[in-house]
Amino acid sequence: MRIAEISSPDLRHQSDHHERVLSQLESLIIQAENQNHSPETLSTLSSDLRQTLSRLSQLAPFSNNNSLKLRIWKLSYRLWNSCVDLSNSASVSRSGGFSKESVAGLRHVASDLLSLAADVSGVPSPAVKSAFFYHKTGLIWHDLKKFDLASTCFERATEIVSKLDITRISDSGEKKLLLDINIARSRAAWEVLDRNLAITLLNRAKKSLLFGSFEHHKSLASQYLVFAKSVLSKNNEASSLNEALKLMNEALDLCEKGQAEARTREETLELKELQSKTLRFISAVHLQKGEYESVIKCVRVLREGGFGGGGDHHASLPVLAMKAWLGLGRYGEAERELRGMVAIKGIPEGIWVSAVEAYFQAAGTAAGAETATDVFLGLLGRCHVSAKAAVRVAHRVVGDGEDVNEGAAKLRSKVVAELASDERVQALFASDTAAKERTAMHAVLWNCASNHFRSKDYETSAEIFEKSMLYLPCDMENRVLRAKSFRVLCLCYLGLSQLDRAQEYIIEAEKLEPNIASAFLKFKIYLQKNDQNGAIEQILAMKMCLDFSPDFLSLSAHEAVACRALPVAVASLSNLLNFYTSKTAMPTTEVVVLRTLVTILTQEPDNESEVLKYCKRTHARASELGPDCFFGKEEVGRRELNWFAATSWNFGTKCGKEMKYELCIEFLRLASEFYGVLIDGKVEENSIMVCKSLILTVSAMIAAENQKQTSLVDTEVKHAVELLDRAAKILTSLSTGTMEPDLLFMYTFNACDIHGRINNSEAQLHLVKRFASSKACNPKHLLQLGLTALQGPRSSPQVATFALNECLSALLSSPLPDYENVALTVRKLVAVSSVHKGDTDDDAVHSMYKQAYRIMVGLKEGEYPSEEGKWLAMTAWNRGAVPVRLGQVDLAKKWMNVGLELAKQVAGMETYRESQLLLYSYRLLPFLHISPSLSMESLSMVISSSLPLQNHPKTHKSPFSKPTNLPLFRHSNLLQTFTKTHLSFTIIDLFTSFPSLASETTIVVPSTEPGKIDLESIVVSIDDFFNRYPFFVAGCTVIWLIVIPITKYYLSKCKYIYANDAFQKIREDPNAQLLDIRNAKTLVSLGSPNLNSLNKSVVQLPFTEEDEDGFLKNVLNNFADPANTVVCILDNFDGNSLKAAELLFKNGFKEAYAIKDGVRGKKGWLQLWDMMFLDPLFVKLCARYPVDDEISVGMSKGCFRIAFSIASKKKRVWASISHVFDVLLRCRYCTWYISLGHNNQESVVTQEKFLPPSVHIVSKKKKKKVKTSQQLEINGVNQKTRDKNDGSSSGIVPVVQSEMKDPAHVNETKSINVGSRSSSPYPNYPDMKPPSSPTPSKP
């Protein structure tokens, strides 16, 4: 093709197209230069510019049109400047009318527009300027977290500068731009998690973009350090730590190289600072890796200034060193580092708080807690400490309570308490701005105290709770919290048994917030003090609280049971029962409350009346509401009903055994009612128990009659008949297999007794016949019925005869007859026939004897009771005596023959039988016509050889003569009462043989089971021993209860002694001392005795029970050798003297005595002088028997004369030698008095001088001045006043008036009432849990 054929572009047309696009672009830039833009218009402008730029880029390149490039260049700068203006206006006005992203988009358009112009002639370094635009725009996108757009800008800038020859670049700014672009691109790659690219870019810059510049080394090292910190902040794995350490080493290396390029000292210092910072981070990495030695080396290098210049004293170095020492287990060095922080002024709060936490977390002991607290308090005045930091330290010291033993937790709490109570710490929370931190501090302390409270460390808990209240303002908003704190403190001191302090706190809580919780805690305090009356009154106060609920009454009952205050528990539950009548919804059913109440009452004896009252209430409420509604339905209702029935039954039988028959009647009647109740309309299987209860009720009525010795009235007899009729109907309905053998007998026995009272013999006989025909009949029951029918005024011979005959038949028909009972039955039948039928039916009596003979024939020797056989033989023989005298030969022969036959069957009656034969022949001689001489001879032989006849021989007593053959109740009062009231032994047998329905156990006679201990036999043996050796038992009792205690008392070295004995002991024993334990107030009015005459002094030490240790310490300080010291203790009376004596004797004193009646008592120290010297008769006798100048020679004679005269006037017994010496003692001081002068008128001394120094007690009240010439009366108190005072109580002490009186006049006296001080400690109780409500046991 030829050149002419080559088409040339239409430059004119292309130029027009460029002009249109540039004009459109310029108009858009003009719009951008307008400052009034909304977010919508700015976004629209940015999109329009981007579209126009796209059209313009399609027309590129513009290599031949430099003017067009220059125009594009200018438009780009205009757009960039408008973006700068928009940014500046936005930062100044802070209006935020448009988004930063829209401005960044405009910058991006400007950067693209500038890069489109490419090289422009006349513009220096156009590529660098284009790269600069991209770099700035990328930084803005990076700040806006638009990392993809930022990466695009940085990559575009890198692409532009990569075409440059960096060796020809001389401008330092352009060099710095190249490094910044590379670093910025690396940062963008790091943000998008392209770490390899980021590190590669940094390494590339390290190789080629440093240009030997200090600034470049610092920037690149800083970026390495930033990347290392980023790795540490996101991951603490070993690989991450190694990577961070590698980056930091690169930074450290750059710092070292950069120092060689530094030109000034400031540049060197900057690099060294960066180097130190990097090394500190390297130390932190080694610390995280556990390379503690490396940490110590780094810290040492930093402190010693290993990089030149002064050492580094950064605040983090003590923290790093402390943690490294802790890691090495060297707590001493760690503590030194921590305490060294106090010397660093202005240490940042976060650093030292972190150090304190780290140290305490590693040390974790009490010492660690104390060190942490000391550091905190030390830094408090040197550094800025906020309330938040104090909360952090307190929380760290307290810990979470996990994996901390009890001792360490307690020590930590004490440290926190000291910290919280420091005034400087409290000042941190004083301002209103620290309200949040104050609440947090209170929460920390509260939680700490709560943990100790749950672990029952009440002492520590109380201390922390008190400290927590320091952070509760005393305002209305915190009123409830303060009341709650007081209540918790009350609980703590309750746990410590400090009841007085607990009461103080609960009173304060009640003032702040009177509610049921405070009232209940007051109730609990009364319980702990064992103030049952106060507790019962507090129950009533609890009911008046606005937030009261019945649940607190139930809780009160549980607390009372735990404290064994059963009357209080009963009062609580009784008040709780009142809420059930008001139809209030209750959490617990009424039957449960009643059951619990009855159970509590059973815990103490003699509460049967109260138990009966609530059982009756249960029955009344069940009748009122219905059994299903009151007891419950189905199994629950049956269990509750059976529980009350069984309780009534058990109490009925218990009262019967204790002979409380009135209560027994009521309980058994209730038992029959409970057992007869229907649940769910179904008949319970309790018919037998109803029958038993009815029968035993009648038995109890009969026993009560005999106990009171009054007959049953007609109404009671009718009621008994009704009860027995009900029992008869139940017995009729029962099958023979389900009926207990003794049940029918009990019914028959009681029915016979009741029918006998209404003279219904036919009914009695009918009952006995029906019983005899039943399968439950046995010979013992028949024998008992027969014996009972013979006793008392309402005897029934017909019933007795039938019962005894049936008994005899049954006994003889048994395989192994009991011949003792056979003998007893035969004797009773003989007695019935003889007494009630008389001689009209002699054949019947004779037939009984013959029957006895037939029974005895063929028996072995001793099988039939020999005494009974002798009785039969002798009574049969004696029955022939009357016919002999009356000449009724046949009748006499009949009875004599029977007697001989019976005697033949009894062992040991052979000689007696021979004499009977001779007497038989002699008695019948007149009727047989035998020679009288022969008869007289025979009679003499008989008299000389035979035994005497006995009309009432000693016979064997059957065990059934009295109902005492039951093993379990042989010594029971109930049994004896039933015996006296003619009741059968089987009544007691029925009481004792029926099982207890609550326990479902059966009473077993111990004697019937081999291999078990027979407790009854042991008791019987002991009782038998007491009966055999009563004097021995009495002697042992007297020795044990009287002789031994008296001997111990008189030999005791710690006891009461009287004042005169104490005075003698102090005077005679050089080691004896007097100890006055009265308080200072008492000593002011009445001082201690004066013992100067004995060369001894009184030790005054007040004694109180609350401070026994302090008293003992003071005593030991005053007595050098307690082991050899005898101390006599003096009090106002004798309230505390014996307690003090016991305390001193137990703590090493040889002997310790308490002076009886003390100072002011009837026989106390003050009265000692009265007994010796104030006797008016003594004064008269002194005047009657004057002593001359030679009184010292005749002192003994005068003493005896006065002594015997006083004794005779007083009508004293001279047999008492000690009394005479007492009088002589008085006389001795009298002679001493008289020897002061020739006569009483010449030498009169004051009353106080008559007091011997060993007895005198000085009154310390102020006295008026008296003239020496005037003297007081000798006695100071006249006889009338003395007699009056003698009749007064020991608490009134006469005080002598200090006014001047004439000796002839009588001084008046005043009385001071001295009250006794009570000091009784409060009792302590075991922390027990309240018992749960009892559940009824199945009968």
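Counting heavy atoms from C-beta outward, S549 and F552 have side chains that approach closer than 4.5 Å. Under the 4.5 Å side-chain criterion, counting only non-hydrogen atoms from C-beta, K692 is in contact with W649. Under the 4.5 Å side-chain criterion, counting only non-hydrogen atoms from C-beta, R617 is in contact with E590. Taking the side chain as every heavy atom from C-beta outward, Y661 and I702 never approach each other to under 4.5 Å.
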Exercise. Please assess R454 against N451 for the test side-chain hydrogen bond (donor to acceptor under 3.5 Å, both in side chains), listing each intermediate value before the final yes or no.
Key: CA-CA 5 Å; R454 283 190 288 270; N451 292 333; 2.4 Å; yes
Self-check item: Test log, rule side chain to side chain contact (heavy atoms under 4.5 Å, CB included), inputs E705 and M701
Solution: CA-CA 6 Å; E705 174 196 26; M701 293 172 67; over 6 Å; no
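Between the side chain of N607 and the backbone N or O of E610 there is no donor-acceptor pair closer than 3.5 Å. Counting only distance, with no hydrogens or angles, the side chain of T788 and the backbone of L785 share no donor-acceptor pair below 3.5 Å. A donor-acceptor pair is defined here as one N or O able to donate and one able to accept, closer than 3.5 Å; such a pair exists between the side chain of Q764 and the backbone of C752. With hydrogens and angles disregarded, a donor-acceptor distance shorter than 3.5 Å links the side chain of Q538 to the backbone of A519. Side chain of S518 to main chain of P514: no donor-acceptor pair is present (N/O by atom type, distance under 3.5 Å, no hydrogens or angles). Proximity of a side-chain donor or acceptor of Q707 to a complementary backbone N or O of M659 within less than 3.5 Å is detected. A donor-acceptor pair is defined here as one N or O able to donate and one able to accept, closer than 3.5 Å; such a pair exists between the side chain of Q603 and the backbone of T599. S572 places a side-chain N or O within donor-acceptor distance of the main-chain N or O of V568, the cut-off being under 3.5 Å.
Residues passing the side chain to side chain donor-acceptor pair (under 3.5 Å) test with K708 are E662, sequence neighbours excluded. Applying the side chain to side chain donor-acceptor pair (under 3.5 Å) test to K543 and every residue at least two apart in sequence or in another chain returns N575. Remark: F465 engages W446 in a ring-ring contact (aromatic ring centres under 6.0 Å, His included) (not counting sequence neighbours). Applying the side-chain contact (heavy atoms from CB on, under 4.5 Å) criterion to A727, with sequence neighbours excluded, gives C691, L694, I695, Y747. Under the ring-ring contact (aromatic ring centres under 6.0 Å, His included) criterion, F453 pairs with Y458, not counting sequence neighbours. Under the rule for a side-chain contact (heavy atoms from CB on, under 4.5 Å), the partners of K769 that lie at least two apart in sequence or sit in another chain are L765, F802.
How far OG of S693 is from CZ of R726: 9.5 Å, rounded to the nearest 0.5 Å. Atom-to-atom distance recorded for M746:CE and L731:CG is 11.5 Å, nearest 0.5 angstrom. Residue C777 holds its SG atom at 3.5 Å from CG of L782, rounded to the nearest 0.5 Å. Between the NZ atom of K613 and the CG atom of L601 there is a distance of 8.5 Å, given to the nearest 0.5 Å. Rounding to the nearest 0.5 Å places NZ of K524 at 9.5 Å from SG of C490. Once rounded to the nearest 0.5 Å, the distance linking CG of D500 with CD1 of I525 reads 9.0 Å.
Between F771 and F745, the ring planes lie tilted relative to each other; the angle falls in the 30° to 60° range.
Annotation for E624: atom CD counts as buried by contact number, over 12 foreign heavy atoms lying within 6.0 Å. Surrounding CG of D547 are more than 12 heavy atoms belonging to other residues, nucleotides or ligands, all under 6.0 Å away.
A ring-ring contact (aromatic ring centres under 6.0 Å, His included) with F651 is found for exactly one of F667, F644, F674, Y614, namely F667.
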